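Some notes on the structure that comes next.
We count ligands from 1, going down the list as the structure has it; atoms in each ligand are counted the same way. All of these numbers come straight from a predicted model, not from anything done at the bench.
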Amino acid sequence: MTKPIVAVPADIRSFDGATWHAVQHQYVRAALNASGVMAFIIPAFEEGYDIDAILDRVDGVLVSGSASNVHPARYGKEATDADGPFDPARDATSLPLIRRAIDRAIPLLAICRGIQELNVALGGTLASEIQDQPGIWDHRKPADVDRDGMYAIRQNVMVREGTCIAGIVGSGEIKVNSLHRQAIAETAPRLAVEAVAEDGTVEAVSVIDARAFAVGVQWHPEYWAETDKPSNQLFTAFGDAVRDYAAAKLPVTAAKVVA
Ligand SMILES: N[C@@H](CCC(=O)NCCCC(=O)O)C(=O)O
């Protein structure tokens, strides 16, 4: 079987005087080296996309983290300074891609900003600057450290028994990294909370009654996907789901291509 392909929606970034469609290396590296799948970066556009035309050509969707945040208008709220920075093109690409992948039973792994997009895509809301709320831990990336330090495994999360994630990494306490200022506020009706932090912050969800792998995590399993056991288990499970989907997918017949 040829190596399956997963779509990874890009961020819009500006540097060197130009606008770029970008995904951080750690995500596409984890896809290739831990999931055994190829990541195709999907440029971010606010309009003009045929989402089904993209999904016809891939075997999974991997939604990466990002320093930008989903625009509050996407979940019925007014934007404040605390909610930025924004990336409307990423929102406009990611959200329909997530919804349609779930509809079409295409495997989905959503990470950090990705779990927040998954929640918004299915009707949930987000909270900003969660560390300012009473009793909430500071989940932001550590300052004044190198990149490995930013992504250090340092936070306990409790994986609930009988969940999709528990079937992959086991139930009970696992240690993860944490680099976020936002979190799920109202959980979308179709999402099951699968893991929480000690302060109650939602750390993992799965799509209820999903016909394929459909998981979101607030932490970053991609960064240590080749060396950290729970991270590797998650990416291996995603890769297995993608391979199962690819193997079962009927080939695009010549008749369909002609039409
Ligand atoms: N912006 C959201 C999601 C956070 C996230 O995806 N973090 C990844 C780290 C990106 C970086 O700063 O390199 C939030 O803050 O909750």
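Of the protein's heavy atoms, C112 SG, 2.9 Å lies nearest to atom 5 (C) of ligand 1. Looking only at heavy atoms of the protein, atom 6 (O) of ligand 1 is closest to S66 N, 2.7 Å. In terms of protein heavy atoms, atom 16 (O) of ligand 1 is closest to Q182 N, 2.8 Å. Looking only at heavy atoms of the protein, atom 15 (O) of ligand 1 is closest to R181 N, 3.0 Å.
Each of the atoms 6 (O) of ligand 1 lies under 4.0 Å from some heavy atom of G65. Close approach of ligand 1 to Q24 is summarised as follows: ligand atoms under 4.0 Å from at least one heavy atom of the residue are 13 (O). Remark: ligand 1 atoms within the under-4.0 Å shell around heavy atoms of K141 are 11 (C), 12 (O), 13 (O). Every atom of ligand 1 with a heavy atom of N69 under 4.0 Å away is listed here by number and element: 1 (N), 2 (C), 14 (C), 15 (O). Of all atoms in ligand 1, numbered sequentially from 1 with element shown, those under 4.0 Å from a heavy atom of R147 are 13 (O). Interface of S68 with ligand 1, defined as ligand atoms under 4.0 Å from a residue heavy atom, comprises 1 (N), 2 (C). Listed by number with element, the atoms of ligand 1 under 4.0 Å from a non-hydrogen atom of A67 are 1 (N), 10 (C), 12 (O). Within ligand 1, counting atoms from 1 as listed, the ones closer than 4.0 Å to a heavy atom of R113 are 3 (C), 6 (O).
A salt bridge links E117 with R90: the closest approach of a Lys/Arg side-chain nitrogen to an acidic carboxylate oxygen falls below 4.0 angstrom. The pair D87-R13 fails the salt-bridge criterion, with no side-chain N (NZ, NE, NH1 or NH2) lying under 4.0 Å from an Asp/Glu carboxylate O. With respect to the salt-bridge test (charged N to carboxylate O, under 4.0 angstrom), the residues R181 and E129 qualify.
Ligand 1 does not have Q218 within reach: every non-hydrogen atom of the residue lies 4.0 Å or more from it. Using a 4.0 angstrom heavy-atom cutoff, E117 does not count as in contact with ligand 1. Residue contact annotation: Y151 has a non-hydrogen atom under 4.0 Å from ligand 1. H220 counts as a contact of ligand 1, since one of its heavy atoms falls under 4.0 Å from the ligand.
The cluster map of Ile, Leu, Val, Met, Phe, Trp and Tyr, joined by side-chain heavy atoms under 4.5 Å apart, puts V58 and L32 in the same cluster. Transitive grouping of hydrophobic side chains (ILVMFWY, heavy atoms separated by less than 4.5 Å) brings F213 and V242 into a common cluster.
In this structure, W20 has its ring center closer than 6.0 angstrom to the ring center of F15.
R57 places no side-chain N or O within donor-acceptor distance of the main-chain N or O of A7, the cut-off being under 3.5 Å. In this structure, W137 contributes its side chain and G200 its backbone to no donor-acceptor pair below 3.5 Å.
Only one option out of D83, T80, N69 pairs with S128 in a side-chain hydrogen bond (donor to acceptor under 3.5 Å, both in side chains); it is D83.
Looking at ligand 1, you'll find an N or O of L179 within less than 3.5 Å of one of its N or O atoms.
Taking a 6.0 Å sphere around CG of D81, one finds it holds 12 or fewer heavy atoms contributed by other residues, nucleotides or ligands.
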| request: Tell me, with the steps shown, if I165 and V169 meet side-chain contact (heavy atoms from CB on, under 4.5 Å). | output: CA-CA 6 Å; I165 297 257; V169 304; 3.7 Å; yes
